[in-house]
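Whatever order the structure lists ligands and atoms in, that order sets their numbers, starting from 1. Model, not experiment: these values are computed from the prediction.
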Amino acid sequence: MDDQYGVETNPSDRATVDPPEAFVEQANVTEADAAAFSEAWPDCWERAAEMIDWERPYDRVFDREGENGRWFPGGRVNAAINCVDRHLDERKTQAAIKWIGKRGERRTYTYLDLYREVNEFAAGLRSLGIGEGDVVTLYMPAIPELPIAMLACARIGAPHNVVFAGFSAAALAERMERADSAFLVTCDGYYRRGNAIHQKNKADNACLSVSHEVTDTVVVERLDDESVRLGDGDHAYDDLIAGHRGAEVDPVSRDANDPLFLIYTSGTTGEPTEVRHTTGGYLAHAAWTSHAVLDLEPADTYWCSADIGWITGHTYLVYGPLSLGTTTLLYEGTPDHPEKDRVWELIERNAVDVFYTAPTAIRAFMKWGTEHPESHDLSSLRLLGSVGEPLNPSAWSWYYDHVGNGECPVVDTWWQTETGSILLSTLPGVDAMKPGSAGPPLPGIEVTVVGPDGEPTTAEEGGRLAVTRPWPGMPLDLETDDGDEWRYVTEDVARIDDDGYVTVLGRLDDTVTVGNHRLGTMELESAIADVEGVAEAAIVDVCNGSADNAIYAFVSTDDRHESEQRLRDRITGSVERAIGPFAVPERFVFTPELPKTRSGKLMRRLLKDIADDGEFGDTSALRNPEIVGEIESALERE
Ligand code: WTA
C-alpha cells in the first residue's frame, strides 16, 4: 500500500530481518562496541577521531564556541597523510584505486603509486603558485586523476571544489564564481555513448564568464583528438607530472576546522548552496562510518557506484575507503553497457566485497531482471549499501535476495551533502534491518521529528527530521535553528517508530531527484521559463507506483501556435546550457495554464497526483479547476 507520500509501506511478512550470522561473527562493530559508544556525548566521538592520525592532538572533543560549535579544536591533521602516506608501511603494493575506464581501459594504482602521483601533482600545483587556502576547482569525469587531484589539493591545504562533469559551462562558472576559485583542473574531453564530449570547451566558456581571472588550467588529455589546443595559462597534466617526477611535498598541517573542500548542493532558493566540510571532523566521521556501517577493511575491494562529483563520491569513494587503506573501485562506464549484467560482471571479476549504490540503480536492476545477477558468481559480496532516496521494501528484498543471496546485510544509509557522512543506518553486525526504513541514528547521533512550526510532534505522526546534537562531519556553516536548543532541521519528512527506526517519507522543500542527483525545482523551472514562448513551468518528480522516479515538466505557454516539438527542443537546449544534459525532464506536458490556488500558489502536489496515477483529491481550492481535465488529456496524448 502506498501512503500519502507515495512511499511503499513495510509489508508485514518481512517487517524485520536479523543480520546474517556469518556476517555478525566478523563485523567491525559488535554489540559491545555499539553499547560503549552510546555513552557520554561528545566524548564517545573520540572513537571516530582514533580512526585517523593527528599531527597534533586536539584539545577537546567538542567546543560549543561559535555559532554551532567546533569539533576537535586544537587538533592538526592532513587528509592526504591519512589516505595515502600512513598506508605505505603496511600496504605499499596493495591496490588503492582500481580504475575501469569507459573504453575498457584498466589502471591500478597501488598505495605507493598513489603516493608518488599525489606528490608529483601537488608539486605541480605548487609550481603554479597554488598555496594553502586557494580553492582549486576540479571538473572531470570518473578518471583516476580526479581523486589524485583531490588528494594533491588536500596535501597542500588547498580546498577543492569538485564540479560534476555533466554540469554545463554556466553551472561550472557559477560554482567557480561563488568559490572565488582561480584554478581549474579539467580534461580535454571524454566519451559518452561513443561521442566525444569536449569538456575543455565547456571549461573555457565557463572561465570566460567568471568575473575574476582564472589564472591556470590543468588539462588531463584523454581524447585521441588533437583538436584541443592548450592556450596561455593551460598546462597538460602529464607534462606537469613529468616536470616533477619523484618530487615529495611536505604535507601542510591543517587545523581540524580548516575546510578540506567545498561542495555545492541544491536548496530551496534555486541557487547552489555552498557547503564547506572540515578537515578533522569530516575525515574522522567518514573513516568511522566506513568502518562501522560499510564494514570496510583494508583487504576489501569496495565499489561505490556514485559519481565523485556528488558528496557520496567524496566521502565513500575517496576519503572513507582510502583513509582505511581499502581498495576502491572507480568505474567510469554505465551499468548497462555493453550488457545489462555489467555491474555483476565487474563484481565477479574484481571479487568485490562491499557494494554501495542508490535505490534508483537497484530499481533499474530489478527491471532488467534476475537473470543478470544470476549469471554471475557474486559470492565475494559481504555487505550491500544504499543511499540517496528511500529504498522501498520490494527493492530492498530484491537487493537482499538476488544480489546478496540472503547472506549480506543491507544498510539503508540516510545522510546528506550537509551532513558529510552517514547519520542514520543500522549497524550491520548489530541491528535488525527493517526494509523500507533507514534505521536508527548511529551511536552518538540523536534525531527527532518536529512539526512545521518547529514544535515537537509525536514520532508516529511524523514531521521534519531534525538532528538534535552536533556531529563530527557537520560542515562549517551549517544553518541551525535559532531556538535555545541546538538543532539542525532538515527538509525531509520522516516518521520514527517505537524502536527508534526512521522512515523517510519525502522532502518538503522544492528539490527533486534526477538519477541520484538532487536538483532544485526552481533551478529547473527557471531554465525552462527563460525560453521564449514559455509562460511558466512546474517540475514534478513522479514515481509511478514503485517504479523509478521520472521528472515531468508541466509547461504553460504564451503562444499556442508554435509547434510543441520546437518548443520542447528549445527548452531542452536551455536546460542543457543552464544545468547539463542529465537534468532534461523525461516528459513535457504543455498546457495553457498551471493549476493555481485562489491566492495564486502553484499546486505542484496536484500535478504530481495526476501524473502518478491520475487520482487526485478535492480541487475546490483551485482558481482554475477546469484546467485539470485539460492537463489529464495532455498527459494521455503524450
Ligand atoms: C535523500 C546524498 C531516504 C534525503 C547523500 C536527503 C534519503 C537527500 C536517504 C540528500 C535514505 C538520502 N533514505 N532518503 N537512505 N539518503 N536521502 O545531499 O531526502 O544529494 O535529504 O546527499 O537524499 O541528498 P544529497
So for atom CD, which belongs to Glu31, do other residues, nucleotides or ligands contribute more than 12 heavy atoms lying within a distance under 6.0 Å?
no
Can we say Glu491 and Arg464 salt-bridge, meaning some charged N sits less than 4.0 Å from an Asp/Glu carboxylate O?
yes
Does any part of the side chain of Asp431, heavy atoms only, come nearer than 4.5 Å to the side chain of Tyr501, both counted from C-beta?
yes
Mind checking whether Gly388 has an N or O less than 3.5 Å away from an N or O of ligand 1?
yes
Counting from 1, what ligand 1 atoms have a heavy atom of Pro390 closer than 4.0 Å?
3 (C), 13 (N), 14 (N)
For Gln416, is at least one N or O under 3.5 Å away from an N or O on ligand 1?
yes
Regarding ligand 1, does Thr413 bring an N or O atom to under 3.5 Å of one of the ligand's N or O atoms?
yes
Under a 4.0 angstrom heavy-atom cut-off, which atoms of ligand 1 come close to Thr417?
18 (O), 20 (O), 22 (O), 25 (P)
Between ligand 1 and Asp412, is the shortest N or O to N or O distance under 3.5 Å?
yes
Examine Glu389 against ligand 1 and note whether any of their N/O atoms are separated by less than 3.5 Å.
yes
I need the atoms of ligand 1 closer than 4.0 Å to a non-hydrogen atom of Val387, numbered in the order shown.
5 (C), 16 (N)
With a cut-off of 4.0 Å, which atoms of ligand 1 are near a heavy atom of Val504?
3 (C), 14 (N)
Looking just at side-chain N and O atoms, do Arg175 and Tyr264 make a donor-acceptor pair shorter than 3.5 Å?
no
Could you tell me if the side chain of Leu317 sits less than 4.5 Å from the side chain of Thr312, heavy atoms only?
no
Give the numbers and elements of all ligand 1 atoms closer than 4.0 Å to a heavy atom of Thr312.
5 (C)
What verdict does the ring-ring contact (aromatic ring centres under 6.0 Å, His included) test give for His277 and His160, after you've listed the backbone C-alpha separation in whole Å, the side-chain angles of each residue and the deciding distance to 0.1 Å?
CA-CA 10 Å; His277 279 292; His160 55 71; over 10 Å; no
Looking only at heavy atoms of Trp310, does any of them come nearer than 4.0 Å to an atom of ligand 1?
no
Can you find a side-chain donor-acceptor pair between Asp492 and Trp414 that sits under 3.5 Å?
yes
Phe261 six-ring face occupied by Arg276 cation (under 6.0 Å, within 45°)
no
